[in-house]
Chemist: 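Before we start, here is the structure in question, set down as structure tokens.
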Amino acid sequence: MKLAFKQRIATALAERESQGLTRRIVPLQRENGTIFVHEGQKYLNFSSNDYLGLATDPALVSAWQEGLNRYGCGSGASPLVTGFHQAHQTLEAMLCEWLGYERAILFNSGFSANQAVLFTLLQRGDLLLQDRLNHASLMEAGALSAATMKRFRHNDVDHLSLLVTSEQTNVVVTEGVFSMDGDCAPLAQISSCVEEQAVLMVDDAHGIGVRGEYGAGSCAAAGIHPDLLVVTFGKAFGLFGAAVLCDRETGDYLTQYARHHVYSTAIPPAQAYALSRAIEMIQTQQWRRDKLQQLRDIYHICLSCDDRASLSQTPIQPLIIGNTERTLQVAAALRERGIWVSAIRPPTVPEGTARLRVTLTAGHSEAQVRQLATTLQQVTEAISDD
Ligand SMILES: Cc1ncc(COP(=O)(O)O)c(C=O)c1O
């Protein structure tokens, strides 16, 4: 038994290695928001989701420290036991007011929020329709849920409209901004396509804070109000955790039945306190979104002649190389020049679309973005000439 288990692990690891797809965790030491040190070498980080540069902002760091002084470290229990403190309540209320929902249910991560919603709400006989590029947390939850899952072509509203039926409860799930491509879902069209026929859920992990007036995200930007909105705190908020925004009854239902909420220790109250401060910063510091826009414009001008660059309107700017080995070579060559950009390979992205996932943040300077663009051009030219 034990031997068979070990063999299974060894085979899977060897397969990953032989495909050049082995992933490795590297310990980094942050020097500031955009520079870190790894094995004694400094790198410019173009691979973080800290889009607004809040993760190292002194005001947010102090908010967390103040929260620690007020509330101590951990929450001590799951939310329904004694882990839910006043700081969590304030955070939920701020999220509801900002995003226009009756309830906000907090989770430890976006991954668990997505899984909790799909596992809790779907029943046998339901039809779940997902954009085929939705995040792994959504795809996996859908596949394991009791519902029948179908995937519609990426951002293809016509295809979605063919799949929606009037015979079943339909749940349609899309992201606001797609994590690996940086493109935006046509939310207004999706919303009018599903209208009363389906429950609409939007995972706006990469749009909240970055898009829309006061950073209220992709749905605000599109003028829609989905039944369920998932926002995550590990990206533009500079912290971690997530919330599901919904109406009162759905919130009550999730509070009773969402196992990832009920049976998991609540986020620390000090973190909830810091998250409330992050919301204020996101709402009032428009300069961060303006700066991102400015950096994006510079990057686009520098790379306008490179047809591998899909120049998106979000901080995520993928450079699709295609071949996995070449993508790794380009990432390694960038690293030799002090720039850190992650190579994203299958199975995270479809076969043949390995890419560099460049992300810009409000913490970068114009000079750093120009340096990235110039180095990218030099390196990609040198490697494709080989
Ligand atoms: C679209 C999307 N949803 C959910 C998640 C998971 O969020 P978290 O990192 O908070 O678990 C991610 C993470 O990258 C994501 O890209």
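Whatever order the structure lists them in is the order used to number ligands and atoms, beginning at 1. Position 1 is the first residue of the sequence, and the numbers go up from there.
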Chemist: Report the part of Ala205 (side chain from C-beta onward, or backbone N, CA, C, O) that has a heavy atom under 4.0 Å from ligand 1; answer both or neither where that applies.
Modeler: side chain

Chemist: Of the protein's non-hydrogen atoms, which lies at the shortest distance from atom 8 (P) of ligand 1, and what is that distance?
Modeler: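 That would be Gly110 N, 3.3 Å.
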
Chemist: Taking the six-membered ring where the residue is Trp, are the ring centres of Tyr101 and His225 under 6.0 Å apart?
Modeler: yes

Chemist: Checking a contact table here: which protein heavy atom is nearest atom 12 (C) of ligand 1, and how many Å away?
Modeler: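 The closest one turns out to be His135 NE2, 3.3 Å.
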
Chemist: So is there a nitrogen or oxygen of Thr232 less than 3.5 Å from a nitrogen or oxygen in ligand 1?
Modeler: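 It does not: no N or O of Thr232 is found under 3.5 Å from an N or O of ligand 1.
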
Chemist: Would you mind checking which non-hydrogen protein atom is closest to atom 9 (O) of ligand 1, with the distance to 0.1 Å?
Modeler: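 Residue, atom and distance for the closest contact: Lys235 NZ, 3.8 Å.
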
Chemist: Establish, yes or no, whether a centroid distance under 6.0 Å links the rings of His260 and Phe107.
Modeler: no

Chemist: Which ligand 1 atoms does Phe111 reach within 4.0 Å, using its non-hydrogen atoms?
Modeler: 6 (C), 7 (O), 8 (P), 11 (O)

Chemist: Considering only heavy atoms of Ser179, which atoms of ligand 1 have at least one such atom less than 4.0 Å away?
Modeler: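 The list of qualifying atoms is 16 (O).
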
Chemist: His206 heavy atoms, cut-off 4.0 Å: which ligand 1 atoms fall inside?
Modeler: 1 (C), 15 (C), 16 (O)

Chemist: Quick check, are the ring centers of Trp340 and Phe36 under 6.0 angstrom apart?
Modeler: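 Under 6.0 Å, so yes.
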
Chemist: Check this for me - ligand 1, Ser137, N or O atoms closer than 3.5 angstrom, yes or no?
Modeler: no

Chemist: Which ligand 1 atoms does Asn114 reach within 4.0 Å, using its non-hydrogen atoms?
Modeler: 3 (N), 4 (C)

Chemist: With a cut-off of 6.0 Å (strictly less than), are more than 12 heavy atoms of other residues, nucleotides or ligands near CZ of Arg23?
Modeler: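 Result for CZ/Arg23: enclosed.
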
Chemist: At a non-hydrogen distance cut-off of under 4.0 Å, which region of Asn134 contacts ligand 1 (side chain, backbone, both, or neither)?
Modeler: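 None of Asn134 does.
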
Chemist: For side-chain contact (heavy atoms from CB on, under 4.5 Å), just list the numbers for Thr56 and Thr34, CA-CA rounded to whole Å, side-chain angles, deciding distance to a tenth of an Å, and then say yes or no.
Modeler: CA-CA 9 Å; Thr56 51; Thr34 53; over 6 Å; no

Chemist: Would you say the ring centers of His154 and Phe178 fall short of 6.0 Å from each other?
Modeler: yes

Chemist: Considering the heavy atoms of Glu175, write down every atom of ligand 1 situated less than 4.0 Å from one of them.
Modeler: 1 (C)

Chemist: Please determine whether side chain to side chain donor-acceptor pair (under 3.5 Å) holds for the pair Ser218 and Asp204, giving the CA-CA distance in whole Å, both sets of side-chain angles, and the decisive distance to 0.1 Å.
Modeler: CA-CA 7 Å; Ser218 305; Asp204 203 23; 2.6 Å; yes

Chemist: Could you check Thr22 against Glu17 for side chain to side chain donor-acceptor pair (under 3.5 Å), going step by step and ending with a plain yes or no?
Modeler: CA-CA 5 Å; Thr22 300; Glu17 195 67 47; 2.9 Å; yes

Chemist: Would Thr327 and Thr324 count as a side chain to side chain donor-acceptor pair (under 3.5 Å) here? Give the steps.
Modeler: CA-CA 5 Å; Thr327 308; Thr324 296; 5.8 Å; no

Chemist: For atom 3 (N) of ligand 1, what is the nearest protein heavy atom, given as residue, atom name and distance?
Modeler: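 Here the closest protein heavy atom is Asp203 OD2, 2.5 Å.
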
